[in-house]
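Any value given below was found using the heavy atoms of this structure, including those in side chains, with hydrogens, waters and symmetry copies removed. Within every chain, numbering begins at 1; the chains are lettered A, B, ... in the order of the sequence lines, protein sequences first and strands thereafter.
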There are 2 protein chains.
Amino acid sequence: MSTQDTRSWQSIHQEVLRRINDRIWRPGEFIPNEAELAEEFGCARATVNRALRELADAGYLDRRRKAGTRVALHPVRKATLDIPIIRLDVEQRGAAYGYSLIELVRTSPPVRIRSRLRLQDGVEMLHIRALHLANGHPYAYEDRWVNPTAVPDILSADLSAISANEWLVRNATFTRGDIAFSATNAGPVEAEMLSVPEGAALFVVERTTWMRGVPITSVLIAYAPGHRMHTTL
Amino acid sequence: MSTQDTRSWQSIHQEVLRRINDRIWRPGEFIPNEAELAEEFGCARATVNRALRELADAGYLDRRRKAGTRVALHPVRKATLDIPIIRLDVEQRGAAYGYSLIELVRTSPPVRIRSRLRLQDGVEMLHIRALHLANGHPYAYEDRWVNPTAVPDILSADLSAISANEWLVRNATFTRGDIAFSATNAGPVEAEMLSVPEGAALFVVERTTWMRGVPITSVLIAYAPGHRMHTTL
DNA sequence: CAGTGGTCTAGACCACAAG
DNA sequence: TTGTGGTCTAGACCACTGG
């Protein structure tokens, strides 16, 4: 209640969050403005601003000029997922990573891929199919299309030694990406690749990336049954 | 190259990002320190700091005192996922939302739930099973355990009218949460609930939340086949 | 119009870690 | 020890938007 001698923005961040969690400031309710809080906490307004801005970014507060700051009605929690190199993913689980290139051809992509990448027809792309292994067992099956126009250097990379996944992460940054997660029953191809029965439930990640509007790659990764993608809120 | 008259931190953010994407500053390479950049851009050091801090938070830069600032080796991209109320999720897809409470009992949870929540045995919890509908069709099957000690008010809520999902989002904030995504084959129960054949691949979300170490709820949500969780990078 | 948050400044001191 | 980022301040002006 009384004036605190907290002086860092972290302290203010913590104290404001406490008041939200303890429902001292309830969802939808206005909280004091920056000047008032600065006085209460005995600090500059910029310090309060920093604390409240972080809380607003995290979804705890809604801030609007003139209107003021209020506690968010639905504290929208955001989970952040890293987009890792599969090799690191495997190694982090304490397993030995293996990689096997199955197919690497330059050909014309199917309509599904063309439309997803918004490419004209007749364009040739690199089609890569590969298997990622953990302790010698199938871990994930990767089916990828790469636009060689966007990353010509990949044509001279040894994709039997380094996975396209890893090569691209290291050598091709992107400005925009779409990612989708879903579940699918293993078809004949996936079943054989992952050594599982047809129909097994597979966790699937589809990702497409662009660099300033130029499509780089579109990939589908099907994980062996039992795979869990985990994170913290 | 020459001094720019950009004066906002957003401009500096944009320009630094451009230099990273154009590989003017390459991964692992040091960039000028804040004072030098402030001079180049003709602004205060605090303004540069703001821009670089945002880029570091986004994973583009690595910053360390004394050492300096360098371009991140593996630009770890983070996908942020909202944790929505299922009703809003359905409505956003343009469908009419429906909800059906299947079971609501107070009983002792199985070991699997107890250990996940780190609860003593003998504790009674609320077990809720429900079906979420979109345009009258099964959308997701929810199997939830709630710790009534953490949220006693839920005992007086009408969980046949409002889903536990929504009630908890509105009334019980949490300080920590685990979330996991996976795929599973529909068992007899899920198959019946979702009106799909046994063995169908289901997208599964498991979420557990705590408030200052006190477990609130643990829920498993199995989505009907075809469900896709989508986001942008 | 006026109140609120958003941003910028010039300067200062501090915390950390590399050499 | 010393150079770097991290933070705080007091003040100022601006941008947006509610009343």
Side-chain angles (χ1 to χ4, degrees), chain A residues 3-20 24-76, chain B residues 3-20 25-73 75-76:
Chain A
T3 299
Q4 311 228 351
D5 240 356
T6 46
R7 298 207 147 268
S8 69
W9 70 265
Q10 287 99 332
S11 311
I12 296 171
H13 182 282
Q14 186 179 11
E15 171 61 12
V16 171
L17 191 51
R18 188 192 67 79
R19 293 184 189 181
I20 293 171
I24 294 170
W25 291 333
R26 300 178 161 272
E29 197 174 301
F30 282 100
I31 75 173
N33 67 30
E34 294 189 347
E36 290 165 344
L37 288 174
E39 191 181 8
E40 182 194 347
F41 291 115
C43 66
R45 183 167 77 92
T47 306
V48 172
N49 180 276
R50 172 77 188 270
L52 297 190
R53 179 160 44 76
E54 301 260 340
L55 286 165
D57 287 346
Y60 290 103
L61 295 175
D62 282 334
R63 318 195 74 195
R64 281 157 65 196
R65 285 163 150 122
K66 167 71 179 176
T69 299
R70 59 172 71 193
V71 180
L73 274 175
H74 308 304
V76 179
Chain B
T3 299
Q4 310 229 354
D5 242 354
T6 46
R7 300 208 146 267
S8 70
W9 71 265
Q10 286 100 333
S11 310
I12 296 171
H13 182 281
Q14 186 179 12
E15 170 61 13
V16 171
L17 191 51
R18 188 191 69 77
R19 294 183 189 181
I20 294 171
W25 291 334
R26 300 179 160 274
E29 198 175 298
F30 282 100
I31 75 173
N33 67 31
E34 294 188 347
E36 291 165 344
L37 289 174
E39 191 181 8
E40 182 195 344
F41 291 114
C43 66
R45 183 167 78 90
T47 306
V48 172
N49 179 277
R50 172 77 190 269
L52 297 189
R53 179 161 43 78
E54 302 260 341
L55 286 166
D57 286 348
Y60 290 104
L61 295 175
D62 281 334
R63 318 194 73 195
R64 282 158 66 195
R65 284 164 151 122
K66 168 70 180 176
T69 299
R70 59 172 70 193
V71 180
L73 275 175
V76 179

**Item:** With A/R63, the side-chain contact (heavy atoms from CB on, under 4.5 Å) member among A/L55, A/N49, A/D57
**Value:** A/N49
**Asked** Between which nucleotides of DNA chain C, 5' to 3', does chain A make heavy-atom contacts below 4.0 Å?
**Response** C/dG3 to C/dT7
**Asked** Taking only residues two or more places apart in sequence or in another chain, which ones pass side-chain hydrogen bond (donor to acceptor under 3.5 Å, both in side chains) with A/T47?
**Response** none
**Request:** Enter the distance from A/L37:CG to A/E15:CD here, rounded to the nearest 0.5 Å.
**Result:** 10.0 Å
**Asked** Got a second to check how far B/L61's CG is from B/I20's CD1, nearest 0.5 Å?
**Response** 4.5 Å
**Request:** Report the distance from atom CG of B/L52 to atom OH of B/Y60, rounding to the nearest 0.5 Å.
**Result:** 14.0 Å
**Prompt:** Using a cut-off of 4.0 Å on non-hydrogen atoms, how would the nucleic acid contact of A/Q10 be classed: base, sugar-phosphate, or nothing?
**Reply:** sugar-phosphate
**Message:** Going by side-chain hydrogen bond (donor to acceptor under 3.5 Å, both in side chains), name the residues that satisfy it together with B/R45, two or more places apart in sequence or in a different chain.
**Reply:** B/E34
**Asked** Quick one, which residues of residues 65-72 of chain B touch DNA chain D with a heavy atom under 4.0 Å?
**Response** B/R65, B/K66, B/G68, B/T69
**Message:** Judged by each residue's nearest nucleotide on DNA chain D, which is more toward the 5′ side, B/N33 or B/A46?
**Reply:** B/N33
**Request:** Output the distance between atom CZ (A/F30) and atom CG (A/D62), rounded to the nearest 0.5 Å.
**Result:** 9.5 Å
**Prompt:** Taking the nucleotide of DNA chain C with the closest heavy atom to each, which residue, B/R64 or B/A44, is nearer the 5' end?
**Reply:** B/A44
**Message:** Within the 4.0 Å heavy-atom criterion, would you say A/R45 contacts the bases, only the backbone, or no part of the nucleic acid?
**Reply:** base
**Item:** Shortest non-hydrogen separation from A/C43 to A/V48 and the atoms involved
**Value:** SG-CG2, 3.8 Å
**Those residues of residues 47-61 of chain B lying under 4.0 Å from DNA chain D by at least one heavy atom** = B/N49
**Request:** Apply side-chain contact (heavy atoms from CB on, under 4.5 Å) to A/Q14 and list each qualifying residue two or more places apart in sequence or on a separate chain.
**Result:** none
**Message:** When you measure from the side chain of B/E39 to the backbone of B/E36, do you find a donor-acceptor pair of N or O atoms at a distance under 3.5 Å?
**Reply:** no
